[in-house]
Amino acid sequence: MQHEAITEIQAAQTLDDLQGVKTRYVGKSGLVTKELGTLGRLPPEERKARGAEINAVRQAIDAALTEREGVLKRAALDAKLSSEAIDVTLPGLGLPSGGLHPINRVYDELIGIYERLGYAVVEGPEVEDEHYNFEALNVPWYHPARDLQDTFWLEDGRLLRTHTSPMQIRYMVEHEPALKVVVRGKVYRYEATDATHESMFHQLEGLVVGEGISMADLKGTIAEMARGLYGASAKVRFQPSYYPFVEPGADFAVWWENPRGESKWLELGGCGMIHPNVFKAVDDLREAQGKARVYEGQTGFAFGLGPERIAMLKYGVPDIRYFYANDPRVLGQFRGEL
Ligand code: PHE
């Protein structure tokens with residue numbers, strides 16, 4: 001029996017198998033236990049020897065059980081460890097990284113240029129009062145820009161700003177000259193969209209006011225921006241133009257060339273010397289707020305331009321609407337560009 005039991009114990013492949021063998025031999029009604037139960041029926045002179053014999057068998061079986069249990073437990077632990085092992089040499093799962101929107105990249109470049117020239121950078125409300133968007137900027141009621149067709153009007157009489165120029169007024173009402181500031185932000189026009197027109201787009205507005213500021217400073221500033229964008233040999237062109245809030249007013253363009261040999265005048269925006277009526281409107285607003293009239297008699301210039309035009313050329317984007325359609329095929333191309 002001892003020999004059979006030990007063969008079975010050594011053959012047990014799992015702890016469950018082993019438990020079965022243990023029950024069969026040394027359990028409550030196991031073979032060894034039963035054998036011990038027969039001792040009482042033996043003549044007293046045989047009992048002692050037989051008892052010792054059976055106990056020796058039992059001890060041998062117990063020892064084999066304990067040893068086999070240790071072996072199987074270690075094997076089970078090893079299997080568990082290797083099945084749960086983490087292979088730290090496997091390549092990781094990459095988290096898709098975002099990227100700066102191309103318009104923000106162009107803004108960063110432009111604003112970097114103006115920061116180096118000592119300009120403050122501000123933003124302002126997109127929901128604007130008619131007075132700041134038009135009247136205070138000397139835009140008369142009959143000017144085509146006031147056309148209901150061009151402006152998103154809100155039910156409360158306010159509007160979505162059609163340009164960043166109302167921030168000229170807001171900034172001057174809050175600050176006294178001299179000042180140099182650029183404004184970044186969204187603007188809105190209620191018009192048909194096509195490859196070069198979108199109902200929401202961006203502007204960068206510049207405003208400089210101070211003693212002796214002249215048209216030459218304006219031209220030099222635009223030229224400095226062009227050199228910052230397109231290198232030391234960048235050329236700029238000014239053409240007379242009309243904006244009610246500047247006089248004289250001009251449109252400016254930058255000669256744009258790329259390594260593929262393409263080149264053209266890139267119409268970037270409008271500019272001019274601040275119209276005296278604008279300074280007067282600012283002083284009126286300041287006076288109504290109990291502030292000193294400090295702008296009449298000042299000189300200054302302003303300019304406004306659209307980063308979309310620069311971004312379209314820089315990145316070869318053929319349609320302005322691609323910037324805002326949130327199509328991952330477009331924006332994915334700027335992934336990781338920070
Ligand atoms: N606000 C004008 C526009 O939206 C641009 C401009 C700004 C022109 C400042 C002159 C001076 O078209």
Side-chain angles (χ1 to χ4, degrees), residues 103 107 110-111 114 119-126 128-140 143-147 149-152 159-172 179-191 196-210 213-223 225-226 236-254 266-279 281-282 295 298-310 320:
I103 298 303
Y107 260 138
L110 287 168
I111 285 168
Y114 284 105
Y119 283 64
V121 183
V122 297
E123 295 183 17
E126 292 169 26
E128 190 51 281
D129 292 332
E130 184 177 7
H131 185 76
Y132 286 86
N133 198 82
F134 292 129
E135 261 102 16
L137 286 163
N138 195 36
V139 182
H143 190 274
R146 295 287 281 265
D147 197 322
Q149 300 294 313
D150 293 339
T151 305
F152 285 108
L159 48 80
L160 297 183
R161 66 181 178 192
T162 58
H163 51 179
T164 42
S165 300
M167 269 307 284
Q168 291 184 27
I169 308 298
R170 289 186 179 275
Y171 197 83
M172 286 190 281
L179 55 87
K180 288 201 287 192
V181 61
V182 282
V183 184
R184 70 182 280 174
K186 294 181 166 77
V187 302
Y188 300 85
R189 302 262 171 102
Y190 186 25
E191 57 186 10
T196 54
H197 296 85
E198 179 57 291
S199 48
M200 183 282 293
F201 55 100
H202 296 80
Q203 288 191 334
L204 185 75
E205 182 97 11
L207 173 69
V208 175
V209 180
I213 297 289
S214 73
M215 189 87 185
D217 298 312
L218 169 57
K219 290 179 76 174
T221 301
I222 299 294
M225 174 179 73
V236 287
R237 182 186 75 183
F238 292 81
Q239 289 178 311
S241 187
Y242 174 70
Y243 296 94
F245 35 93
V246 288
E247 178 60 35
D251 285 325
F252 60 93
V254 176
L266 172 59
E267 289 284 355
L268 267 191
C271 62
M273 302 305 293
I274 311 282
H275 196 289
N277 286 353
V278 172
F279 285 139
V282 168
Y295 279 95
Q298 292 283 333
T299 56
F301 65 76
F303 58 86
L305 61 101
E308 274 86 356
R309 306 222 49 202
I310 300 172
I320 189 173

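Computed from heavy atoms alone, side chains included, the values below leave out hydrogens, waters and symmetry copies. Just so you know, ligand 1 is whichever comes first in the structure, and atom 1 is the first atom listed for that ligand. In what follows, residues are counted from 1 in the order of the sequence shown.
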With a 4.5 Å limit on heavy-atom distance, are the side chains of [X] and [Y] in contact?
X      : Y      : result
Arg170 : Asp129 : yes
Arg189 : His197 : no
Leu268 : Ile222 : no
Asn133 : His163 : yes
Pro140 : Pro244 : yes

Looking only at heavy atoms of [X], does any of them come nearer than 4.0 Å to an atom of ligand 1?
X      : result
Cys271 : yes
Ser165 : yes
Met273 : no

Check the orientation of Phe303 and Phe252. Use parallel for under 30°, tilted for 30 to 60°, and perpendicular for over 60°.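 Perpendicular: the ring planes of Phe303 and Phe252 meet at over 60°.
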Distance filter under 4.0 Å to His163 heavy atoms, resulting ligand 1 atoms: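 Heavy-atom distances to His163 below 4.0 Å select 1 (N), 4 (O).
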For residues Ser165 and Glu205, report the shortest heavy-atom separation together with the two atoms involved.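 Taking Ser165 first and Glu205 second, the nearest heavy atoms are OG-OE2, 2.7 Å.
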If you measure every N/O of Gln168 against every N/O of ligand 1, is any gap under 3.5 Å?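 Between Gln168 and ligand 1, no N or O pair is found under 3.5 Å apart.
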Is it the side chain, the backbone, both or neither of Arg161 that has a heavy atom closer than 4.0 Å to ligand 1?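 For Arg161, no heavy atom sits under 4.0 Å from ligand 1.
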Taking [atom] as the reference point, the nearest protein heavy atom with its distance:
atom                    : value
atom 12 (O) of ligand 1 : Tyr243 CE2, 3.7 Å
atom 7 (C) of ligand 1  : Gly304 N, 3.4 Å
atom 3 (C) of ligand 1  : Gln203 NE2, 3.8 Å

Counting heavy atoms only, name the option from Tyr242, Phe201, Phe245 that's nearest to atom 2 (C) of ligand 1.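 Among Tyr242, Phe201, Phe245, the closest heavy atom to atom 2 (C) of ligand 1 comes from Phe245.
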